[in-house]
Peer 1: 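One structure, pasted below without further comment.
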Amino acid sequence: MIDFVYQAQAARVIFGAGSLQHLEREVQLLGAERALVLCTPEQQAIAEQVAQLLGVRSAGIYPKAVMHVPAETAAAAVKEAHRLGADCAIAIGGGSTTGLGKAIALESGMPILAIPTTYAGSEMTPIYGITENGLKKTGRDPRVLPRTVIYDPNLSLSLPVGLSVTSAMNAIAHAAEGLYAKDGNPVMDLMAEEGIRALASAIPLIKTNPADVDARSDALYGAWLCGTVLGNVGMALHHKLCHTLGGTFNLPHAEVHTVILPHAIAFNAAAAPNAMKKISRALGGKPAAQGLYELAKTHGAPISLKELGMTLDDVDKAAQIAVQNPYWNPRPIGVDSASTLKNLLQRAWEGGSPIAS
Ligand code: NAD
């Protein structure tokens, strides 16, 4: 047994198909009177249902959440919350909407209730990101951790199959890196392995029948576990590469995670054998990196950076950026690692199966 520190993070979780019906009770338990409902423009219809459920406790809807939380959107949302006399915000949607809720909480101290409809996991973390002048600033603050999370698998039935698979791979990435985190602990290991297992077994079922509530339920359960891991332990090379590719080259979040994960895991395999054993067990015995690659490929997810629109010329640039301020990694990364990372990224660009370079 390793020595460890485990810090539980307070959040109330209501899980189950139909659990949205408990919304009013949960808002009351937060001691709130008027909630502002946040969503993307695409999810306004579901936000309207939420506002209806809230009745007099609804302060209104702010349907302007977009990817990467632009500072102007966050400032406008805080202003609107104050104008409407809101004392709580409800974020219904994926990581982009939860991110807007977190920006409001950071500025105003208002409690956030999150209702996730993807598997990104932001609702379980105290990590926020705000983009100003094209630069995404991230940080940790306990005030941004949603106080209550309602996981209702019925709300994820409408998530398109393609995004369901990549979002599930995004969640798996949190758990996979959590298994070799330098500040990991046995509780997070249990959650990470179970989270990968639940998501990996749900993906084929969702692909066959996106309306399978049991499979959606398993995937959301996995997303909760993997999000908890992300919120509790440090991430490594995989997340650094994805932040570089998403931030500098504006590549789509869940898809980038899907493409990079097998290659980052192959890169770290020899340095983290225990983590590989657990990932492999969660994938039903397949070798970790190859198993993740096949999970994505078999279910129609993108497997190359090329198909996400990245140019080959940018691979070198990305490798140079990724070695600056590197995250801790089980296989050490330094400024002299650019050419090794370039090999990794080139393979990911081509979409070849992962090898330990
Ligand atoms: P997203 O929130 O941007 O959603 C993608 C699209 O899917 C949006 O148009 C959204 O409206 C739509 N959508 C979401 N759920 C749907 C559903 N059930 N049915 C139909 N459409 C639906 O995507 P995401 O991958 O969930 O989140 C990505 C963002 O979250 C990134 O900016 C990322 O940096 C951030 N994130 C942050 C953390 C954190 O801890 N801070 C963790 C994970 C992700």
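Counting starts at 1 for both ligands and their atoms, in listed order.
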Peer 1: Do any nitrogen or oxygen atoms of Leu155 come within less than 3.5 Å of a nitrogen or oxygen of ligand 1?
Peer 2: yes
Peer 1: How close does the nearest protein non-hydrogen atom get to atom 24 (P) of ligand 1, and which residue and atom is it?
Peer 2: Gly95 N, 3.5 Å
Peer 1: Salt bridge check, Glu24 against Arg57: does any charged N sit closer than 4.0 Å to a carboxylate O?
Peer 2: yes
Peer 1: Between the candidates Thr138, Val66, Leu163, Thr118, which shows the shortest non-hydrogen contact distance to atom 5 (C) of ligand 1?
Peer 2: Leu163
Peer 1: Test: salt bridge (charged side-chain N to carboxylate O under 4.0 Å, His left out). Region: residues 303-313. Which pairs qualify, not counting sequence neighbours?
Peer 2: none
Peer 1: So is Lys102 touching ligand 1 or not, going by heavy atoms under 4.0 Å?
Peer 2: yes
Peer 1: Which residue holds the protein heavy atom closest to atom 38 (C) of ligand 1, what is that atom called, and what is the gap in Å?
Peer 2: Ser122 CB, 3.4 Å
Peer 1: Please name the residue in the list Thr244, Leu305, Val259 that meets the side chain to side chain contact (heavy atoms under 4.5 Å, CB included) test with Leu251.
Peer 2: Leu305
Peer 1: Among all protein heavy atoms, pick the one closest to atom 43 (C) of ligand 1 and tell me residue, atom and distance.
Peer 2: Ala120 O, 3.4 Å
Peer 1: Identify which of Val69, Ile92, Ile127 has a heavy atom lying nearest to atom 41 (N) of ligand 1.
Peer 2: Ile127
Peer 1: Return yes when atom CD of Gln52 has more than 12 non-hydrogen atoms of other residues, nucleotides or ligands closer than 6.0 Å, and no otherwise.
Peer 2: no
Peer 1: I want to confirm something. Looking only at heavy atoms, which of Glu123, His257, Gln43, Glu255 is nearest to atom 16 (C) of ligand 1?
Peer 2: Gln43
Peer 1: Is a salt bridge present between Arg12 and Glu26, judged by a nitrogen-to-oxygen distance below 4.0 Å?
Peer 2: yes
Peer 1: Indicate whether the side chain of Thr125 and that of Lys102 have a donor and an acceptor atom separated by less than 3.5 Å.
Peer 2: yes
Peer 1: Show the atoms of ligand 1 that are less than 4.0 angstrom away from any heavy atom in Lys136.
Peer 2: 32 (O), 34 (O)
Peer 1: Considering non-hydrogen atoms of the protein only, which is the closest contact for atom 28 (C) of ligand 1, and what is the distance?
Peer 2: His253 CD2, 3.7 Å
Peer 1: Does an N or O anywhere in Tyr128 fall below 3.5 Å from an N or O of ligand 1?
Peer 2: no
Peer 1: For Asp218 and Leu205, run side-chain contact (heavy atoms from CB on, under 4.5 Å): C-alpha distance rounded to whole Å, both residues' side-chain angles, the deciding distance at 0.1 Å, then the answer.
Peer 2: CA-CA 10 Å; Asp218 282 352; Leu205 301 173; 5.5 Å; no
Peer 1: Nearest protein heavy atom to atom 8 (C) of ligand 1, by residue and atom, and its distance?
Peer 2: Glu42 OE1, 3.8 Å
Peer 1: Give me the residue, atom name and distance of the protein heavy atom closest to atom 11 (O) of ligand 1.
Peer 2: Thr40 OG1, 2.7 Å
Peer 1: Measure up the Trp224 and Phe15 rings against each other and bin them: parallel (under 30°), tilted (30 to 60°), perpendicular (over 60°).
Peer 2: tilted
Peer 1: Do the charged groups of Lys297 and Glu294 touch, with an N to O distance under 4.0 Å?
Peer 2: no
Peer 1: To the nearest 0.1 Å, how far is atom 1 (P) of ligand 1 from its closest protein heavy atom, and which atom is that?
Peer 2: Ser96 OG, 3.4 Å
Peer 1: To which protein heavy atom is atom 15 (N) of ligand 1 closest, and what is the distance rounded to 0.1 Å?
Peer 2: Thr117 OG1, 2.7 Å
Peer 1: Kindly give the heavy-atom pair with the smallest separation between Ala338 and Val323, and that separation in Å.
Peer 2: N-CG1, 3.6 Å
